[in-house]
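Working notes, beginning with the structure itself.
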Amino acid sequence: MIVPARNAANSVGDLLAALATQTLPRDQFEVLVVDDGSVDETAALVEAWVERDRSRRRLLRGAGRGPAHARNLALAHARGEWVAFTDADTLPRRDWLEAGLATLERTGAQALEGAVDPWPDLEPLPHHHYVSNRLGGRYLTANMVYRRELLERVGGFDEEFPDAFLEDSDLAFRVLDLGVEIPFAPGMRVRHPVRDVALRDALRAVERVRSLPLLAEKHPRRYHELRPVVRPVSSVDVDLLLALPAAGAAARARGLGRLVLLGVAAKGVRSALLAGRVLAGPREEMLVRAALSLALPPLRAWWWLLACARSRRVV
């Protein structure tokens, strides 16, 4: 199995502990962790874990080029017939690998998609890192298994995807285009802890929408099927984006026109703050949640429009 990790010192220890207690006999699987240019203690934590069983555990050094490159690096060193993927911040169930292998043997499938449960199961806030896949059709590498030969046949992950976003969908789509089915295995489960994201990281995370035009170019039909889940801007974003010029125009308007513009501006700001659940959670975080609610939509729209301009297509 393969795990890319970058600055994951706060989570990778829990993942490694979960992998050490898998019910599948230890001699039936290997773990390859790629430290993708971390500047924290990730590599040291993994190295200490690898030391306890170097025959089945390996630490590889990536170049900080993103999860697609990191997984391809590990794939080149993998020795097993099957390759399972998860992330450095998941908590696989103890029978995760055993359940996946049993499903593969029972169905004869060449690939499997497993369930991802957010934990705790709460409605996320804008500054939360929240991942969920309970019904399938998302193909998240937080919980996937492929036959290694199949991965080699499609050329692995496309390293043109720079972020941890859509590179896994692209891989699955290329597999599906070969006529290979990827059944959903609800018994193969991992938990994905819901965690706070620093304000700076939340603002930078919106850059990932730049991958949408690439996915749309490679898989136009499948992109439109996935678009409701990964849409670049939402109706709330549109409301706020309309509110910003309306507020500016209201300062120069008079009479009824000014009232209308102020109403548009107020509606947009209210929609953004409600969607951001600014009043939920600790009171000391209200200002951060408000800032994110108002800052993320224009940033998301900017990166989306920039990506569309570069690709010369609107998606």
Side-chain angles (χ1 to χ4, degrees), residues 1-26 28-62 64 66-67 70-71 73-74 78 83-101 112-125 127-134 138 140-145 163-165 168 185-198 201-202 205 281-282:
M1 64 163 299
I2 290 173
V3 182
R6 179 176 173 83
N7 297 333
N10 291 334
S11 61
V12 73
D14 293 333
L15 167 68
L16 299 178
L19 296 179
T21 61
Q22 288 292 298
T23 57
L24 188 70
R26 189 175 300 179
Q28 293 187 27
F29 69 97
E30 63 177 356
V31 180
L32 289 80
V33 180
V34 182
D35 174 45
D36 194 29
S38 299
V39 295
D40 63 4
E41 298 301 313
T42 298
L45 291 170
V46 176
E47 182 62 38
W49 186 76
V50 168
E51 271 296 327
R52 301 177 204 144
D53 185 0
R54 286 202 169 273
S55 65
R56 290 289 169 176
R57 302 172 180 177
R58 281 186 283 174
L59 171 64
L60 303 175
R61 304 285 182 164
R71 295 189 189 103
L73 174 64
V83 180
F85 294 98
T86 195
D87 295 332
D89 55 353
T90 65
L91 296 170
R93 206 163 67 175
R94 291 186 69 246
D95 66 346
W96 173 54
L97 291 175
E98 187 175 14
L101 186 59
L112 278 183
E113 175 186 19
V116 181
D117 298 313
W119 177 75
D121 190 8
L122 301 173
E123 187 175 355
L125 296 172
H127 64 297
H128 282 160
H129 181 57
Y130 180 91
V131 180
S132 176
N133 184 22
R134 287 171 166 161
R138 298 287 308 279
L140 305 177
T141 39
N143 192 359
M144 292 291 297
V145 179
D163 307 302
F165 184 59
D168 43 11
M188 186 176 70
R189 310 190 78 88
V190 304
R191 289 191 301 178
H192 204 294
V194 178
R195 55 182 173 84
D196 291 342
V197 177
D201 293 335

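Only heavy atoms go into these numbers, but all of them, side chains included; no hydrogens, no water, no symmetry mates. The first residue in the sequence is number 1, and the count goes up from there.
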Heavy atoms only: give me the nearest [X]-[Y] pair and the separation to one decimal.
X: V34; Y: A74; result: CG2-CB, 3.7 Å
X: P186; Y: A115; result: O-CB, 4.1 Å
X: V190; Y: A142; result: CG2-O, 3.7 Å

To the closest 0.5 Å, what do you measure between [atom1] ([X]) and [atom2] ([Y])?
X: M144; Y: D168; atom1: CE; atom2: CG; answer: 8.0 Å
X: L59; Y: E51; atom1: CG; atom2: CD; answer: 10.5 Å
X: R71; Y: L32; atom1: CZ; atom2: CG; answer: 13.5 Å
X: N133; Y: L140; atom1: CG; atom2: CG; answer: 5.0 Å
X: H192; Y: D117; atom1: NE2; atom2: CG; answer: 11.5 Å

Do side-chain atoms of [X] reach the backbone of [Y] as a donor and acceptor pair under 3.5 angstrom?
X: Q22; Y: R93; result: yes
X: D95; Y: T23; result: no
X: R6; Y: G37; result: yes

Please evaluate residues T86 and W96 with respect to the criterion side chain to side chain contact (heavy atoms under 4.5 Å, CB included), reporting the C-alpha separation (whole Å), side-chain torsions for both, the decisive distance (0.1 Å), and the verdict.
CA-CA 11 Å; T86 195; W96 173 54; 3.9 Å; yes
Any side-chain heavy-atom pair from L97 and Q28 closer than 4.5 angstrom?
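No - every pair of side-chain heavy atoms lies 4.5 Å or more apart.
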Less than 4.5 Å apart, side chain to side chain, heavy atoms only: is that true for W49 and V31?
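Yes, side chains in contact.
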Any chance you could lay out the side chain to side chain contact (heavy atoms under 4.5 Å, CB included) test for R138 and V116, step after step, and finish with the verdict?
CA-CA 10 Å; R138 298 287 308 279; V116 181; over 6 Å; no
Return all side-chain donor-acceptor pairs below 3.5 angstrom for residues 9-18, not counting sequence neighbours, or 'none' if the list is empty.
| from | atom 1 | to | atom 2 | distance (Å) |
| --- | --- | --- | --- | --- |
| S11 | OG | A8 | O | 3.4 |
| S11 | OG | A88 | O | 3.1 |

Sole residue of V194, L91, T90 in side-chain contact (heavy atoms from CB on, under 4.5 Å) with W119:
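Of the listed residues V194, L91, T90, the side-chain contact (heavy atoms from CB on, under 4.5 Å) partner of W119 is L91.
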Between R57 and L19, is the side chain to side chain contact (heavy atoms under 4.5 Å, CB included) condition met? List the steps.
CA-CA 11 Å; R57 302 172 180 177; L19 296 179; over 6 Å; no
Considering only residues two or more places apart or on different chains, which pairs with a residue in residues 29-40 satisfy side chain to side chain donor-acceptor pair (under 3.5 Å)?
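For residues 29-40: E30-R58, E30-R79, D35-S38, D40-T42.
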For a side chain to side chain contact (heavy atoms under 4.5 Å, CB included) check, start with the C-alpha distance between R195 and D89, then their side-chain angles and the critical distance, and finish with the verdict.
CA-CA 10 Å; R195 55 182 173 84; D89 55 353; 3.3 Å; yes
